[in-house]
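Heads up, the thing below is written out as structure tokens.
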Amino acid sequence: MATVLITGANRGIGFEYCKQLASRGDSVVAVCRHPSADLQNLGVRIEAGVDVTDEASITALVERLQGLPIDVLINNAGILERTTLEDLNVESLRRQFEVNAIAPLRFTRACLSQLQPGSKVILMTSRMGSIEDNTSGNSYGYRMSKVALCMAGKSLSIDLKPRGVAVGILHPGMVSTGMTGFTSQGIAPEDSVRGLLNRIDDLTLENSGTFWHANGEVLPW
């Protein structure tokens with residue numbers, strides 16, 4: 001049984017992570033700002049009122065978790081605000097960088113003392129963070145922040161390797177959730193998370209720092 005901490009756990013992919021991990025017997029710490037009724041009904045440990053962009057909020061959480069080893073840290077919290085060239089919103093760009101790129105790095109650093117040899121850090125990024133794969137443009141804040149997150153993940157994989165901690169940089173696929181407007185073109189969160197958990201289970205120090213699709217495809221930078 002592993003202890004898995006998930007941020008952004010109240011809905012969508014984060015909730016599905018909690019659901020599937022709990023069902024297979026892992027100990028789940030669900031971190032969120034406001035817990036949903038579905039999350040409360042899972043019976044997992046919920047740490048609510050946590051803002052991943054606020055240092056004091058993160059510090060208070062780590063103090064509550066003091067002494068709890070974390071086997072898998074899943075940095076899942078994120079936002080998507082579509083920004084075009086014609087409607088460039090600089091505040092939106094900053095907000096997405098803060099939540100999508102800076103917060104996961106800050107959160108991982110805060111949890112360092114609870115990561116042991118064999119622990120894993122997961123960064124939930126996006127194929128939209130691939131420079132080579134960008135064929136449609138737009139979504140400036142989201143794309144740029146996810147590129148930054150991928151770079152953070154690569155650096156973390158190097159810096160954490162001496163500690164015996166592996167880092168996974170994962171794209172969930174196009175998933176039908178509130179973030180994507182429940183797009184009819186997306187796959188179900190259940191299917192996405194099944195693939196993501198396979199990638200996490202297969203993560204080692206040897207393949208640490210790889211940019212993976214949930215289906216097992218290695219994505220281009």
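Looking at heavy atoms from C-beta onward, Met124 lies in side-chain contact with Ile74 at the 4.5 angstrom threshold. At least one side-chain heavy atom of Leu21 sits less than 4.5 Å from a side-chain heavy atom of Leu197. Two residues are said to be in side-chain contact when any heavy atoms from C-beta on lie closer than 4.5 Å; Leu123 and Leu156 meet this criterion. Under the 4.5 Å side-chain criterion, counting only non-hydrogen atoms from C-beta, Trp212 is in contact with Val218. Between Arg163 and Leu112 there is a side-chain heavy-atom pair separated by less than 4.5 Å. Thr3 has its side chain out of reach of Arg45: every pair of non-hydrogen atoms, C-beta onward, lies at least 4.5 Å apart. Using a 4.5 Å heavy-atom cutoff, the side chains of Ile6 and Asn76 are in contact. When side chains are defined from C-beta on, Tyr142 does not count as touching Arg82, because their heavy atoms never get closer than 4.5 Å.
Judged purely by atom type and a 3.5 angstrom limit, Asn41 uses its side chain to pair as donor or acceptor with the backbone of Ala37. Using modelled atom types, one side-chain atom of Ser192 and one backbone atom of Pro172 make a donor-acceptor pair closer than 3.5 Å. Between the Gln96 side chain and the Glu81 main chain, a donor and an acceptor come within less than 3.5 Å of each other. Distance alone, capped at 3.5 Å, places no donor-acceptor pair between the Ser155 side chain and the Ala152 backbone. The backbone N or O of Glu206 lies less than 3.5 Å from a partner atom in the side chain of Thr204, making a donor-acceptor pair.
Scanning both residues, Leu170 and Ile200, for their nearest heavy atoms gives CD1-CG1, 3.8 Å. Here the shortest heavy-atom pairing between Pro220 and Asp133 reads CG-CB, 4.3 Å. Of all non-hydrogen atoms in Gly137 and Asn134, the two that sit nearest each other are N-OD1, 2.9 Å. Taking both residues in full, the closest heavy atoms of Gln116 and Val165 are given as O-CG2, 3.6 Å, listed atom of the first, atom of the second, then distance. Contact record, Phe211 with Arg127: CZ-CA, 4.3 Å, taken as the closest heavy-atom pair. Scanning both residues, Val50 and Ser57, for their nearest heavy atoms gives CA-OG, 3.3 Å.
Side-chain heavy atoms closer than 4.5 Å link hydrophobic residues (I, L, V, M, F, W, Y) into clusters, and following such links, possibly through other members, connects Leu5 to Leu105. Each of Leu149 and Phe97 belongs to its own hydrophobic cluster when Ile, Leu, Val, Met, Phe, Trp and Tyr are linked at side-chain heavy-atom distances under 4.5 angstrom. Cluster membership for Leu73 and Leu68, using ILVMFWY side-chain heavy atoms within less than 4.5 angstrom, is shared. Taking hydrophobic clusters as Ile, Leu, Val, Met, Phe, Trp and Tyr residues chained together by side-chain heavy-atom distances below 4.5 Å, Leu93 shares a cluster with Leu85. By the criterion of side-chain heavy atoms lying less than 4.5 angstrom apart, applied directly or through intervening Ile, Leu, Val, Met, Phe, Trp or Tyr residues, Ile187 is grouped together with Tyr17 in one hydrophobic cluster.
Exactly one residue among Ser36, Cys32, Cys18 makes a side chain to side chain contact (heavy atoms under 4.5 Å, CB included) with Ile46. That residue is Cys32. Results of the side chain to side chain contact (heavy atoms under 4.5 Å, CB included) test with Val121 over Val72, Leu203, Val167 single out Val167 as the only residue that passes. When Thr7, Thr108, Asn100 are each tested for a side chain to side chain donor-acceptor pair (under 3.5 Å) with Asn75, only one passes: Thr108.
Rounded to the nearest 0.5 Å, atoms CD1 (Ile122) and CZ (Arg199) are 11.0 Å apart. The CG atom of Asn89 sits 10.0 Å away from atom OG1 of Thr84, with the distance rounded to the nearest 0.5 Å. The line from CD of Gln20 to CG of Asp26 is 11.0 Å long, rounded to the nearest 0.5 Å. Distance check: Arg64 CZ to Thr59 OG1 gives 10.5 Å after rounding to the nearest 0.5 Å. Here His171 contributes atom NE2 and Asn215 contributes atom CG; the two are 8.0 Å apart, rounded to the nearest 0.5 Å. Summarising the geometry, atom CD1 belonging to Ile70 is positioned 4.5 Å from atom CD belonging to Gln114; distances are rounded to the nearest 0.5 Å.
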_I'd like to know whether Met128 forms a side chain to side chain contact (heavy atoms under 4.5 Å, CB included) with Met174, so could you lay out the CA-CA distance, the side-chain angles of the two residues, the decisive distance to 0.1 Å, and finally the verdict._
CA-CA 10 Å; Met128 291 177 72; Met174 174 60 78; over 6 Å; no
_Is there a side-chain hydrogen bond (donor to acceptor under 3.5 Å, both in side chains) between Arg143 and Ser136? Walk through the geometry before answering._
CA-CA 11 Å; Arg143 287 187 185 279; Ser136 57; 2.8 Å; yes
*Applying side chain to side chain contact (heavy atoms under 4.5 Å, CB included), run through Leu39 and Val44 and close with a yes or a no.*
CA-CA 8 Å; Leu39 181 60; Val44 300; 4.1 Å; yes
*asked:* Quick one, Val147 with Trp221, criterion side chain to side chain contact (heavy atoms under 4.5 Å, CB included). Give me CA distance, side-chain angles, the key distance, then yes/no.
replied: CA-CA 8 Å; Val147 171; Trp221 298 111; over 6 Å; no
_Please evaluate residues Phe107 and Leu61 with respect to the criterion side chain to side chain contact (heavy atoms under 4.5 Å, CB included), reporting the C-alpha separation (whole Å), side-chain torsions for both, the decisive distance (0.1 Å), and the verdict._
CA-CA 10 Å; Phe107 200 94; Leu61 170 65; 3.5 Å; yes
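Comment: Arg94 engages Glu91 in a salt bridge, judged by a side-chain N to carboxylate O separation of less than 4.0 angstrom. A salt bridge between Glu16 and Arg194 is absent, with no side-chain N of the basic residue lying under 4.0 Å from a carboxylate O of the acidic one.
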